[in-house]
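Reviewing the structure listed below.
By convention in this document, chain letters (A, B, ...) are assigned in the order of the sequence lines, proteins followed by strands, and residues within each chain are numbered from 1.
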Amino acid sequence: MTSLSNDVLLESRGLTVRFGGLFALNELNIDVRNGEVLGLIGPNGSGKTTFLNVISGVYSASAGKISLGGIDITREKAHNISSYGLSRTFQRSRLCLSLSVFDNIALGAQRTLNNGLWHNVVQRKAFAAEARKIAEEARELLGVFNTALPDKLFDPAISLGMIDRRRVEICRALIGKPKLVLLDEPSAGMTHDETDQVVDEILGIRKSLGGLTIIIVEHEMGLIERVTDRCVVLNYGKKICEGKFRDVAADPVVREAYLGQA
Amino acid sequence: MGMIGQHLLNGLMQGTIYGLVAMGFTIFFGVMNVIKFSHGDVLTLGAFGGLVAVWAANALGLSVPLQFIVALCVAMALTAVVGAGISHFLIMPLRNAPPLNMLLMTMMVGTAIREAIRLFFPNGTNPQRFPELLPAGGFNIGPSFFRTDAIILIIAGAASIGAVYWIINHSKFGLAMRAVAEDTETARVMGINFGRIIPLTFALGSITAGFAGMIYALYYSEINYSMGLLLAVIGFTAAIVGGLGNIWGAIIGGYLFAGLQTFVVAAMPSMSDYKNVFAFVLIIVLITWRPTGLLAERGSERV
Amino acid sequence: MTPTSRTLARGPVWPLFVAVAFAAVALTALVLIENQKLLGAALAITAAVCFCAARFGGVAATEVAASENPWLLRGLLTLASLAVIFVLRDDNFGLLMLATVLIYATICLGLTVQMGYAGLTNFAAAAFAGTGGYTAAMLGQQGGLPDALVLVCGGLVAVFIGSLLILPVLRTRGHYGALTTMAFGVMFNVFLDANDFFGGPQGLKLPGINLFGWDFTNDIHIFGLVLSSYVNYVILTGILTALAMIFVGLLDRSWVGVWFDVVRLDETAASVFGLKIAYWKVLAFTLGNFLAGLMGAVYAKMTGFIAPANFTFGDSLVMVSIVILGGIGNRWGVLPAALIVVLLPEKLQFIQEYRLIFYAVLVIAILTMRPDGLVARRVRKLHTEASA
Ligand SMILES: Nc1ncnc2c1ncn2[C@@H]1O[C@H](COP(=O)(O)OP(=O)(O)OP(=O)(O)O)[C@@H](O)[C@H]1O
Ligand SMILES: [Mg+2]
């Protein structure tokens, strides 16, 4: 490993998000290293989703600083942040259910597509070539899941089951070839077996897409243990612990945070 | 200078009417998240009901004060029944539809009421004279002349605003209503009769329209089939500017709109035909500045 | 795909022929028949046939055939239109009604882009059309500008007036957004009524269209036939409707259409994946207002006279009703919906006086019983583009 500063992809310093009097994030310093899978855990309401929201530009920071690949993105709008190579999934599935799987996945590649009116309405051949390319890539990504999903590319998203919707969301997040992917509870609403399957799939994607950096929020500790390199534990918007999952899980402060909440 | 008192009175009068109408909008929105655009035409219906009641009472030979009471009761009862009926038969079945569908639906209900009055009320296309039931005359303060009936109407209007405010905030019914508004499911679990509260709420909101319709009729001594449309647009505007669901906001919005209109008329008499244009432009500017209303707290959508 | 598997996937073509022929015959009959009883019978038969076609898969088969044979569809529609025009060639009133239906339908295509695609509420479509109409009238008084440019200017001025509203439209959502355009729609009328410069309540007169030297007040003499001068307007509005239809259709089947949908359905997801919400909303608002202004100008020139009463808030409501009635977001739906809303009250004499109440009850019935409209929008499938 080279020097640390080169190695850090995302950096938050003193990051604070307030809703009225509530500190959803409180002076948070988190570094995410290039190529690692960082687990973000903590009790309900501890600010995990808020952290993902603020770095992807959905919420704005009340104080502090975020930089991505050395660029300050604290004040950037969400639609610009994606162009620095960040994409994500959502805790509550956010597919456009009345659109086809293809349309939903294409959204993930939006930055790479030609949005000009002339291109879209008049140069139909060029447009069709783009559509073919996206369809191919989408099939390939969906193929990782080893299911019948690639054949459902033009079905409406609403016809899919919960687990397939999650998969489509993950594809949408990956098709734009991001540097950093945020996964918010990818196993939410799934059975135990399905969760195991998702773990394997994430590991598979990881392998096929080399240097991808991932921040994953999860309540399913088995999943966290298997996929993460490192974990950060939040409680009441503050970082209370950081390190390998084994060490973190053994930490008395973390145990108390989880028990105190239960 | 003598005009100032006149303008003030006029503005207060209109503000009271607008505030009453806006309060209806905000009550419906608070409880069901719907914009009931037919509200203005329910108001018209109330005024016409009052007119028919006056005619009937007159034919029966009742005294003027009795005519007044009969008219008021008929107007309020009619609007209550119609409001509850609209909510039960038309709004409830659509409550899970997209907001646009609901808005369009209530606009069309309003159109149907308006057209029905125009077509089926005797000579309904023309304005109808509304008899004067309140004491005529007035008094001077300095150079300004104050109409007695106007003073009475403003006080009555303000009192009714206060009464509705009290019902919502301090009565048992108001408590149930606010519980439904806060969280329909929880209210239902806690044993609040959802199926009764909703029509009653719409009845209450519509009674304010009936009352406002009577105030309008008594003040201007003339009513017409289409008077509700502009009142609905203005009332909706006032409710929006104040922040939907916020009673105080609606009242303030109503007086604000009337204030803007009156200001244009008073300051630029030559432009008085444009008073609504000015008022709407200002409202559009206001809504651009505070897109969720003047009194709304700013919150970010949860993701 | 191999050619064989492609031919295998195709449905039969004949439903398309039948559907277009039926539409043409029904349309002609509805316009021509004057006798109220006959008309009622014709309406009942049309409704029954449509209902049966929907019930027993005829509509679906037609849709499949149409989407698989776009050029055949366009050719058939052109032929059918010419046939209808030929039959109605000297029925001035009927032709005027047809042109009006087409104008409404095209304005509603613009509304479809705004409300159906990008999710912008617009309760001022009639005001934007009126802006186009008044532009044409004012430019006509100055003279000098060729009419093709006058019509385009109608659209552009509507876009300009719309751009004054863009900030509130972008900043507000839902009911708050509805207020902005509603206030504008009401204001437009109040302003024109009060303003002498634009003719006040009496309105303005304006001359007919003269396009590239061809005066639209002339009858058309062709193959020894005489076609009423109103055929000019039917052809012009027909071409404009067809162009708008094709444009909106291509737009829908492109990234732009997908992004509009995403912006309507989920602004958060849209912006997280890099869509600039404001840009797409402005684009949709602009396209829709241009169509409204353009067709408003054509309407003004066609009727030769405009007044504030032609462009009231009630008319905007009628236009929104057409969009909902047809099935919001389905561009084909606006044609039958515009036909029902514009033609029926004109034809059915007993309705005329009651037309607004008729609209109101019709829309209430549709909203409660068939909230997706006559023809619900289908899920977009870009597989033809993506697998050619
Ligand atoms: N838009 C918002 N407005 C107001 N408060 C919010 C908003 N979003 C989050 N909060 C509050 O911020 C705190 C942190 O919420 P957050 O969703 O980040 O928790 P979380 O760690 O993701 O919890 P969970 O495990 O339940 O998903 C909570 O108290 C929540 O109520
Ligand atoms: Mg969360």
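Contacts of B/Leu103 with chain C are made by side-chain atoms alone, with heavy-atom separations under 4.5 Å and no backbone atom involved. At a 4.5 Å heavy-atom cutoff, B/Phe278 makes no contact with chain C through either its backbone or its side chain. Both the backbone and the side chain of B/Ala112 come within less than 4.5 Å of a heavy atom of chain C. Interface remark: B/Leu119 contributes side-chain atoms only to the contact with chain C (heavy atom separation under 4.5 Å). With a 4.5 Å cut-off on non-hydrogen atoms, B/Leu244 touches chain C through its backbone and its side chain both. Within the 4.5 angstrom heavy-atom criterion, no atom of C/Asp193 approaches chain B. For a residue to count as touching a neighbouring chain, one of its non-hydrogen atoms must lie under 4.5 Å from one of that chain's; by this rule B/Val281 touches chain C with backbone and side chain alike. Heavy atoms of B/Arg114 lying under 4.5 Å from chain C are absent altogether. For B/Phe37, the part sitting under 4.5 Å from any heavy atom of chain C is the side chain, from C-beta outward, and nothing else. Heavy atoms closer than 4.5 Å to chain B are found nowhere in C/Ile366, neither backbone nor side chain. Contacts of C/Thr268 with chain B are made by side-chain atoms alone, with heavy-atom separations under 4.5 Å and no backbone atom involved. For a residue to count as touching a neighbouring chain, one of its non-hydrogen atoms must lie under 4.5 Å from one of that chain's; by this rule B/Leu104 touches chain C with backbone and side chain alike. Both the backbone and the side chain of C/Val190 come within less than 4.5 Å of a heavy atom in chain B. For a residue to count as touching a neighbouring chain, one of its non-hydrogen atoms must lie under 4.5 Å from one of that chain's; by this rule C/Thr121 touches chain B with the side chain only. Contact of B/Leu94 with chain C is made through the side chain alone, with heavy-atom distances under 4.5 Å. Residue C/Phe188: no heavy atom, backbone or side chain, is found under 4.5 Å from chain B. Using a 4.5 Å cut-off between heavy atoms, C/Ile324 contacts chain B through its side chain alone, with no backbone atom that close. Proximity to chain B (any heavy atom under 4.5 Å) is shown, for C/Leu362, by neither the backbone nor the side chain. Contacts between C/Phe358 and chain B at a heavy-atom distance below 4.5 Å are absent for every atom of the residue. For B/Val109, the parts lying near chain C are the backbone and the side chain together; criterion is any non-hydrogen pair under 4.5 Å.
In this structure, the side chains of C/Phe128 and C/Ile107 stay at 4.5 Å or more apart for every pair of heavy atoms. Counting heavy atoms from C-beta on, the side chains of B/Phe89 and B/Pro199 never come closer than 4.5 Å.
Between B/Gln128 and B/Asn123, the side chains place no donor N or O within less than 3.5 Å of an acceptor N or O (distance only, hydrogens not considered). Judged by distance alone, the side chains of B/Tyr18 and B/Gln261 do bring a donor and an acceptor atom under 3.5 Å apart.
Contact between C/Val262 and C/Ala270 at its shortest, heavy atoms only, is CG1-CB, 3.6 Å. Smallest separation of non-hydrogen atoms from C/Arg377 and C/Asp252: NH2-OD1, 3.1 Å. Looking at every heavy atom in both residues, C/Val341 comes nearest to C/Tyr359 through O-OH, 2.8 Å. Closest of all the heavy-atom pairs between B/Ala47 and B/Gly213 is CB-O, 3.8 Å. Scanning all heavy atoms of the two residues, the minimum distance from B/Phe202 to B/Ser87 falls at CG-CB, 3.3 Å. Taking both residues in full, the closest heavy atoms of C/Ala127 and C/Gly185 are given as CB-CA, 4.1 Å, listed atom of the first, atom of the second, then distance.
Checked for salt-bridge contact, C/Arg355 and C/Glu346 meet the test: a charged N lies under 4.0 Å from a carboxylate O.
Two rings, from C/Phe184 and B/Phe280, have their centers 6.0 Å or more apart. Between B/Tyr216 and B/Tyr220, the gap from one ring centroid to the other is short of 6.0 Å. Taking the six-membered ring for Trp and the full ring otherwise, B/Phe48 and B/Phe121 have centroids separated by under 6.0 Å.
Highest contact tally toward chain B, considering only C/Leu167, C/Val320, C/Leu317, C/Thr368, is held by C/Leu317 [criterion: heavy-atom pairs under 4.5 Å]. Between chain C and the options B/Arg118, B/Glu115, B/Met102, heavy-atom pairs under 4.5 Å are most frequent for B/Glu115. Comparing C/Ala194, C/Ala178, C/Ser321 by how many heavy-atom pairs each has under 4.5 Å with chain B, the most go to C/Ala194. Among the candidates B/Asn276, B/Ile284, B/Thr111, the residue making the largest number of heavy-atom pairs closer than 4.5 Å to chain C is B/Ile284.
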